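For reference, the structure discussed in these notes is given below.
Below, read A as the first sequence line, B as the second, and so on, with proteins coming before strands; counting in each chain starts at 1. Not measured: the values here are computed from a predicted model.
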Amino acid sequence: MEQEKLQSIIESVLFVSGEGIKKSKLAKIAGVENGVLEEVLGKLTEKYSLPRSGLTLLAKGEEVQLASKADNVVFVEQMVKNELAEGLSPAALEVVSIIAYRGPISKTEIEAIRGVNCSYTLRNLLLRGLIERSDNPRDSRGYVYSISFELLKKLGVDRVEKLPDYATLSTEERITSIISTDTENNPENN
Amino acid sequence: MEQEKLQSIIESVLFVSGEGIKKSKLAKIAGVENGVLEEVLGKLTEKYSLPRSGLTLLAKGEEVQLASKADNVVFVEQMVKNELAEGLSPAALEVVSIIAYRGPISKTEIEAIRGVNCSYTLRNLLLRGLIERSDNPRDSRGYVYSISFELLKKLGVDRVEKLPDYATLSTEERITSIISTDTENNPENN
Amino acid sequence: MAYHIKLEQFEGPLDLLLQLTEQEKLDITRVSLAQIADQYLDYISHAQNITLDHLADFLSVAARLILIKSKALLPLLEFTEEEEEEIRDLEHQLAEYKKFKDAAKKVGDLVDAPFVSFTREGFSGLGVVFYPPENMTAEDLKKAFEKVVGEIPVVEKLEQETVRDILTLEEKIVHLQDALRQRAHASFSELIANAKDKVEVVVSFLAMLELVKQRIIHVEQEGLFSEIQLKHKEEK
């Protein structure tokens, strides 16, 4: 395979992996010898060293990892703060409320209730520490979500039962019925 | 600030964010005008279009997101699970196409084009995260639908403008007039 | 039945019409719509897979096809402005739908092609930091949850109920036949006197056409918009 294509492949794989990845694994994925891989990594390092690049290749023992350039840390931190510290969108607030009143609850159930995919919102709420996840007792591959203790405290209550109208809202029948009808029909069959 | 440094900053921020991010936020973080940001994004797109790049810049409405190059799917799949592997039914493909070429678009407008109720298909696409809904600016009780970054990733294109026949299909005059008469007659569009 | 059309699964009246024109290798014109009107009517009167909640969509297209067909048979027949408009809309809708159906095939090729982008976990490597929204209260949570509950659709069941009352074409044909047998002679307006809505009138009209075609009844109409008289053939 030609050099340029190899560079492209390795960059794609490094980008997606997020964490550090063993060089031997990279070589295996790209289907090349270790020596060839070293060359490609060298080329990438060279490319990232240009002032216009925002990426850098970290190497630690046998592992390599793609990261953002250290010079830009101020801007990156500002972005993280902006994204995580801003007010909740109405959609995110709805997800939190479902988790508060119906938690612990699975992603599939939350999505059945709202009729919209919630992967992104759930991740964001987890990162902000507003919700927590634990293993789903009914499905070993999945998680269930509950409101975090910190958020409850911030709202001035020490457990969900003290949320306004908890007794009636948490047993709201329309929610129960949509969960049961929708999770029966596999949503993926379209 | 000079162009090269700006490119570096934007690339770093896009890399760490991982998610879609509004162009206006990027401009604010980098402390530049929207026009300057557009230029920088143009430069990045140019850089990523080189064969040796493994990245691509997805663009959707006011948002952009960094992603791996679509050509490298076979290699990337060895690292992470392809969650977008599942196909789309003919009905789902029609709805997705109408949304891609004509979105943001209301349910009534989609149904005017297809001549058939689309609630079920829309719900499925929403649950799969392939389309998104937002409040309809012309009708507060209704929604408009647009495509998601997930869909762009699945199609392997970086923006809807790259879809086949985009220019002709997205600007059909007569469609616009059918749609406008149809929505006037039917206020129940959601 | 004279026609045994083999079509792919179709979804909705426009899809059916489009498939019929494509099968006959016709462009979408008024002439070709008149040509396939009978096939369309046959198809919807015998199709098992048209659900009741879609029936109204199919019938509204059927009504326009009948207009086009009548004009082809009776060139003197003049359309009202409203009818002309409805037919023009149908032609355009069909042409537009065709564009998107063709586009959907190309988009489908992209879906099947081995090109897929991947993105990375957002903010990966960052630990969880507690970032509560500034002014959020327990009351906000309650309101948000009530909104969620309020948006859960209860509508779909209602739709089913209202359509359930409408007779299918098959049932209507039997009904018409019985009514005519009892009276030997009736006017169309008598037969539809109890119709609940426009859809049922259209169904009755379709049933009448079907009976004429099967030579079970005979119809007469003295002039444009005048009363249609129906007679059972056996009773002649």
### Residue pair B:Glu11, B:Lys47: steps toward the salt bridge (Lys or Arg N to Asp or Glu O under 4.0 Å) verdict
CA-CA 11 Å; B:Glu11 191 170 51; B:Lys47 181 171 97 172; 3.2 Å; yes
#### Entry: Residue B:Leu26 versus chain A: region with a heavy atom under 4.5 Å
neither
### Query
Of all heavy-atom pairs between A:Arg102 and A:Glu172, which one has the smallest distance, and what is that distance?
NH1-O, 3.8 Å
## Note on the structure
Checked A:Val116, A:Val13, A:Val16 vs chain B; the most non-hydrogen pairs under 4.5 Å come from A:Val116
#### Entry: Structural part of A:Glu86 lying under 4.5 Å from a heavy atom of chain B
side chain
### Query
Of all of A:Leu66, A:Leu50, A:Asp71, which one pairs up most often with chain B through heavy atoms under 4.5 Å apart?
A:Leu66
### Query
Should B:Leu125 and B:Leu88 count as side-chain neighbours, where that means a heavy-atom distance under 4.5 Å?
yes
### Query
OG of B:Ser97 to CG of B:Asp165: how many Å apart, nearest 0.5 Å?
11.0 Å
### Message
Can a side-chain donor-acceptor contact be found between A:Lys69 and A:Ser53 if the only test is distance below 3.5 angstrom?
### Response
no
### Message
Please identify, among A:Leu14, A:Val76, A:Asn72, the residue contributing the most non-hydrogen atom pairs under 4.5 Å to chain B.
### Response
A:Asn72
### Task
Check whether B:Val80 gets within reach of chain A through its side chain, its backbone, both or neither, counting any heavy atom under 4.5 Å.
side chain
